[in-house]
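Data block below; observations after.
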Amino acid sequence: MQKHKSISRILCSSFRHFSYLNHNAAGFSAFDDYSNEVTSQQRILADPKSIDNLLSKCLNLKQLGQVFAHIIQTRFLELYPLSSHYNSISQIYSRLDSPREALCVYAAMHHAGISPDDSTFPIVLEAAIQYSDVVISRQVHGVAIKHGLDKDMDCEIGLISVYLKEGEIYEMAQKEFLSSPEKMLASWNAVIAGLLDGGRAMEAVQMFAGMMRNGVCPDDETMVCVASACGDLGDYRLALQLHDCVVRAKRLGRLDIGMMNSLIDMYGKCGRMGLAYKVFCEIEEKNECSWASMIAGYAANRQVDDALECFGCMRKEDIAPKHDTFVGVLTACVHGGVVQEGKYYFNMMKNDYGIKPMLPHYGCMVDLLGRAGLLEEAWLMVEKMPMKADAVILDCLMGACEKYGNVKLGEWVAKQMTELELEPENDDEFLDTYFSNFDDILSL
């Protein structure tokens, strides 16, 4: 039991930057039944499955932090030291884009001496992909081999994906793929998607051709990836060939809206907005992604009026725009140099739709203001951002300083860029300690 007692301390230390890890769970309708601490603890201990139910309702890190506080308070993981509970916690952190915390949970599980199951490694590998740490990926691979789970289909797909994410170890992914006794469609899809994510669009298309030669019939996931690869290549000939495959699939009744949206995106990247619009019109029930793809295509091809008109039509259809939609709209404003419209849509995004601006949105606004010579406004935008400006935003501001000869602001930007380059990477001592001390990692 002493070993399990350390779990709370380990996990708390890794989550210490979350100030909401305490017993105050008020303010969330999804957790109202657990607002009373005593009742909460009784229910959790009486029914272990209630944890999974609570985790599934978490929509953000704050909610998850409160559920996690209950887990710590009730010493739940000491009383129910099952891999499935660790898996659930790790999976939800990964889903909420917190891969470091997901890996911390796995490290704690290992430290507690709890054996992984066939669901553990796919979850951990997904977190490793998000975290982009090849060392951890290799170590997880070693543990999977030791437990005889490396040939599990989901684990194999995860390994292929994580290795392809790191371009320098493409050979490892290829070895894993070739060693598979039966190359299922899911494995082919993992390789194609991994190549695409790694910026190897041509190799992704070649792998697709190899899959077809091997008599493996593609599914919607395959076609979406290959359409994206064709778009990245800007190859109009390949785009037409792929579209032909989609038409044949449609005759077999296997058409998916995701596939059609990918065709729109593909034609947009190839500079063929006429064909993109034709595909768009063929979609009976257009979703947000359909409209966003059209807007992004018009914006990328500098068809500013068409992009903004398309956005207006989208709103008339009562389709709520999301983050990516506004990135397309603001990009169109940048290309058109329409400052007032850009400000209008930026405020609309925040005030009308309650969407918090992200780096791409701020980047568009800084670029828009900088190009128009409104350097002070651009600087204020950077200063008031809730997150630190990245290299792209600073480059935009520096370009504007050079264009308009603002030496003073240029010096400030240069200082920010220097600090950004010299900023040390997060060592993540917790992860390093536990992963580096695994005594059962096999030599790969």
Side-chain angles (χ1 to χ4, degrees), residues 122 125-126 129 137 151-272 275-276 278-280 282-283 289-290 293 296-297 300:
L125 288 168
E126 177 61 31
I129 291 174
S137 302
K151 294 307 176 185
D152 174 80
M153 177 59 68
D154 291 333
C155 185
E156 179 183 294
I157 292 171
L159 288 169
I160 291 172
S161 299
V162 77
Y163 283 138
L164 282 172
K165 191 76 173 180
E166 303 293 335
E168 69 273 13
I169 53 172
Y170 170 66
E171 293 73 17
M172 291 288 292
Q174 190 176 44
K175 179 181 178 181
E176 183 67 26
F177 177 65
L178 294 176
S179 67
S180 177
E182 294 184 12
K183 297 177 181 61
M184 307 295 287
L185 174 60
S187 296
W188 285 99
N189 285 345
V191 174
I192 294 171
L195 288 169
L196 180 62
D197 290 340
R200 297 166 175 256
M202 180 55 75
E203 291 175 65
V205 173
Q206 292 171 348
M207 184 63 68
F208 171 68
M211 185 185 85
M212 298 291 284
R213 285 195 298 270
N214 277 271
V216 180
C217 184
D219 62 4
D220 292 338
E221 182 181 345
T222 318
M223 304 299 271
V224 167
C225 287
V226 178
S228 183
C230 292
D232 289 347
L233 293 170
D235 192 318
Y236 177 55
R237 179 182 58 84
L238 283 176
L240 287 176
Q241 291 178 355
L242 181 70
H243 195 169
D244 183 59
C245 291
V246 173
V247 170
R248 278 182 276 154
K250 183 177 180 180
R251 290 180 185 143
L252 296 174
R254 293 190 291 119
L255 188 63
D256 177 74
I257 189 171
M259 184 192 305
M260 299 295 281
N261 292 339
S262 294
L263 289 177
I264 295 172
D265 182 66
M266 176 185 71
Y267 280 128
K269 290 178 178 177
C270 291
R272 304 282 179 163
L275 290 173
K278 183 177 180 180
V279 174
F280 178 76
E282 292 176 0
I283 301 176
C289 187
S290 308
S293 297

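Sequence positions, counted from 1, serve as the residue numbers for this chain. No hydrogens, no waters, no symmetry mates; every other heavy atom, side chains included, goes into these values.
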Rounded to the nearest 0.5 Å, what separation is found between the [atom1] atom of [X] and the [atom2] atom of [Y]?
{"X": "L195", "Y": "E203", "atom1": "CG", "atom2": "CD", "value": "5.5 Å"}
{"X": "S228", "Y": "L196", "atom1": "OG", "atom2": "CG", "value": "4.5 Å"}
{"X": "I257", "Y": "D220", "atom1": "CD1", "atom2": "CG", "value": "11.5 Å"}
{"X": "L240", "Y": "M266", "atom1": "CG", "atom2": "CE", "value": "7.5 Å"}
{"X": "N189", "Y": "F208", "atom1": "CG", "atom2": "CZ", "value": "10.0 Å"}
{"X": "K278", "Y": "L263", "atom1": "NZ", "atom2": "CG", "value": "12.0 Å"}

So which pairs with a foot in residues 260-270 pass side-chain hydrogen bond (donor to acceptor under 3.5 Å, both in side chains), sequence neighbours left out?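 Qualifying pairs, neighbours excluded: D232-K269, H243-Y267, N261-N287, N261-S290, D265-K269.
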Which side-chain hydrogen bond (donor to acceptor under 3.5 Å, both in side chains) pairs, counting each pair once, include a residue from residues 204-213, with sequence neighbours left out?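 Listed by first then second residue: nothing to list.
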Tell me, with the steps shown, if Q241 and L238 meet side-chain contact (heavy atoms from CB on, under 4.5 Å). CA-CA 5 Å; Q241 291 178 355; L238 283 176; 3.7 Å; yes
Are side-chain heavy atoms of T222 and W188 found at a separation under 4.5 Å? no
Nearest heavy-atom pair of [X] and [Y]: which atoms, and what distance?
{"X": "C225", "Y": "A193", "result": "SG-CB, 3.8 Å"}
{"X": "P218", "Y": "M212", "result": "CD-SD, 3.5 Å"}
{"X": "G268", "Y": "A276", "result": "N-CB, 4.4 Å"}

